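Worksheet: the structure to be examined is printed underneath.
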Amino acid sequence: MRRFVPALLLLPLATATAASAQSWEGEVLSLHNRERAAWRVPPLAWDMGLAAAADRWAAELARTNRWGHSPKSLRGNQGENLWMGTRNAYPVSAMVGAWVGERRWFRPGVFPAVSRTGNWADVGHYTQMISARSVRVGCAIRSTRSWSYLVCRYSPSGNVDGLRIP
């Protein structure tokens, strides 16, 4: 049975090159940068430090079999996007695509007034992806027997009150 659990609130690799475009990391970066380009926002660069931080949290989620954002005290000025779904049931494009799907509720504006629904959390993953304030991203995937967890970290954090998005 396939199960998709929508990612929760957004609070959130060295630079990727064409050589990494075949990896899942390159695909994640490409999907982010495609959305950013649509809004004329400069591309993100892959940051290995952020990827390592994302991996630590993804490993914690998998180890404890729980769901939720890392404590802000562990992230500093990093944003964080989370996704969870049935192990091996979703390609990376669907994982990131869940965040991109929030575009339908997004309206450009000053954060947090950026959602057609009136609730910024409905677009929080998407706004983090396209925020011009964020310049680097790093992600990790960890799995249990049943679940896969995708965690992406962004620096600096993009969802900041008073910030125009995009």
Side-chain angles (χ1 to χ4, degrees), residues 4-63 67-85 87-103 106 108 111 114 123-144 147-160 163-166:
F4 169 70
V5 178
L8 296 179
L9 300 176
L10 164 82
L11 289 175
L13 294 152
T15 302
T17 64
S20 66
Q22 298 304 315
S23 67
W24 72 263
E25 294 97 337
E27 184 176 1
V28 167
L29 184 62
S30 176
L31 291 165
H32 276 78
N33 286 336
R34 183 178 310 145
E35 283 304 308
R36 293 171 70 86
W39 292 101
R40 296 191 174 128
V41 174
L44 292 168
W46 191 261
D47 185 287
M48 294 303 290
L50 292 173
D55 187 58
R56 285 189 295 276
W57 189 245
E60 178 70 8
L61 293 174
R63 183 185 67 77
W67 179 244
H69 281 283
S70 61
K72 287 184 181 184
S73 61
L74 296 179
R75 279 187 265 136
N77 191 24
Q78 297 173 3
E80 183 175 77
N81 272 358
L82 304 178
W83 180 93
M84 176 185 166
R87 180 183 178 149
N88 297 328
Y90 296 92
V92 169
S93 60
M95 295 174 183
V96 176
W99 303 334
V100 172
E102 295 174 1
R103 174 180 44 206
F106 172 70
F111 194 85
V114 291
V123 297
H125 301 98
Y126 188 70
T127 55
Q128 176 58 79
M129 288 179 70
I130 65 169
S131 172
R133 183 170 189 261
S134 297
V135 296
R136 297 184 322 273
V137 65
C139 306
I141 298 173
R142 288 289 185 122
S143 296
T144 66
W147 304 106
S148 288
Y149 300 89
L150 169 64
V151 177
C152 288
R153 291 279 183 92
Y154 304 82
S155 182
S157 180
N159 288 343
V160 177
L163 181 69
R164 179 162 259 314
I165 298 183

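What you see is a predicted model; the values in this text were computed from it and never measured.
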Gap between atom [atom2] of [Y] and atom [atom1] of [X] - 0.5 Å precision:
| X | Y | atom1 | atom2 | value |
| --- | --- | --- | --- | --- |
| R142 | M84 | CZ | CE | 16.0 Å |
| F106 | I130 | CZ | CD1 | 4.0 Å |
| L163 | R133 | CG | CZ | 6.5 Å |
| D55 | R153 | CG | CZ | 10.5 Å |
| L44 | L50 | CG | CG | 10.0 Å |

Side chain to side chain contact (heavy atoms under 4.5 Å, CB included) evaluation trace for W147 with W67:
CA-CA 11 Å; W147 304 106; W67 179 244; over 6 Å; no
C139/V151 under side chain to side chain contact (heavy atoms under 4.5 Å, CB included): CA gap, chis, key distance, verdict
CA-CA 5 Å; C139 306; V151 177; over 6 Å; no
Short question: side chain of [X], backbone of [Y] - any donor-acceptor pair under 3.5 Å?
| X | Y | answer |
| --- | --- | --- |
| R136 | A45 | no |
| S30 | G26 | no |
| E102 | H125 | yes |
| R164 | F111 | no |
| Q78 | S155 | no |
| R75 | S70 | yes |

W57 and Y149 aromatic centres sub-6.0 Å
no
Are H32 and Y154, when compared by the centres of their aromatic rings, separated by less than 6.0 Å?
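They qualify: ring centres under 6.0 Å apart.
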Any idea which heavy atoms bring [X] and [Y] closest together, and the distance?
| X | Y | answer |
| --- | --- | --- |
| A51 | A140 | O-CB, 4.0 Å |
| G68 | L61 | O-CD2, 3.6 Å |
| V92 | L31 | O-CD1, 4.2 Å |
| T144 | A62 | CG2-O, 3.3 Å |
| P108 | P166 | CB-CD, 3.8 Å |

For a side chain to side chain donor-acceptor pair (under 3.5 Å) check, start with the C-alpha distance between T127 and N159, then their side-chain angles and the critical distance, and finish with the verdict.
CA-CA 7 Å; T127 55; N159 288 343; 2.7 Å; yes
Should S134 and Q128 be marked as a side chain to side chain contact (heavy atoms under 4.5 Å, CB included) after you check the CA-CA gap, both sets of side-chain angles, and the distance that decides it?
CA-CA 8 Å; S134 297; Q128 176 58 79; 2.7 Å; yes
Considering only heavy atoms from C-beta outward, does the side chain of V100 approach that of M129 to under 4.5 Å?
yes
So do Y126 and V114 actually touch side chain to side chain, heavy atoms under 4.5 Å?
no
Residue among P42, P156, P43 satisfying side-chain contact (heavy atoms from CB on, under 4.5 Å) with V135:
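With V135 as partner, P42, P156, P43 yield a single side-chain contact (heavy atoms from CB on, under 4.5 Å), made by P156.
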Can you check side chain to side chain contact (heavy atoms under 4.5 Å, CB included) on S148 and L150, steps first, answer last?
CA-CA 7 Å; S148 288; L150 169 64; over 6 Å; no
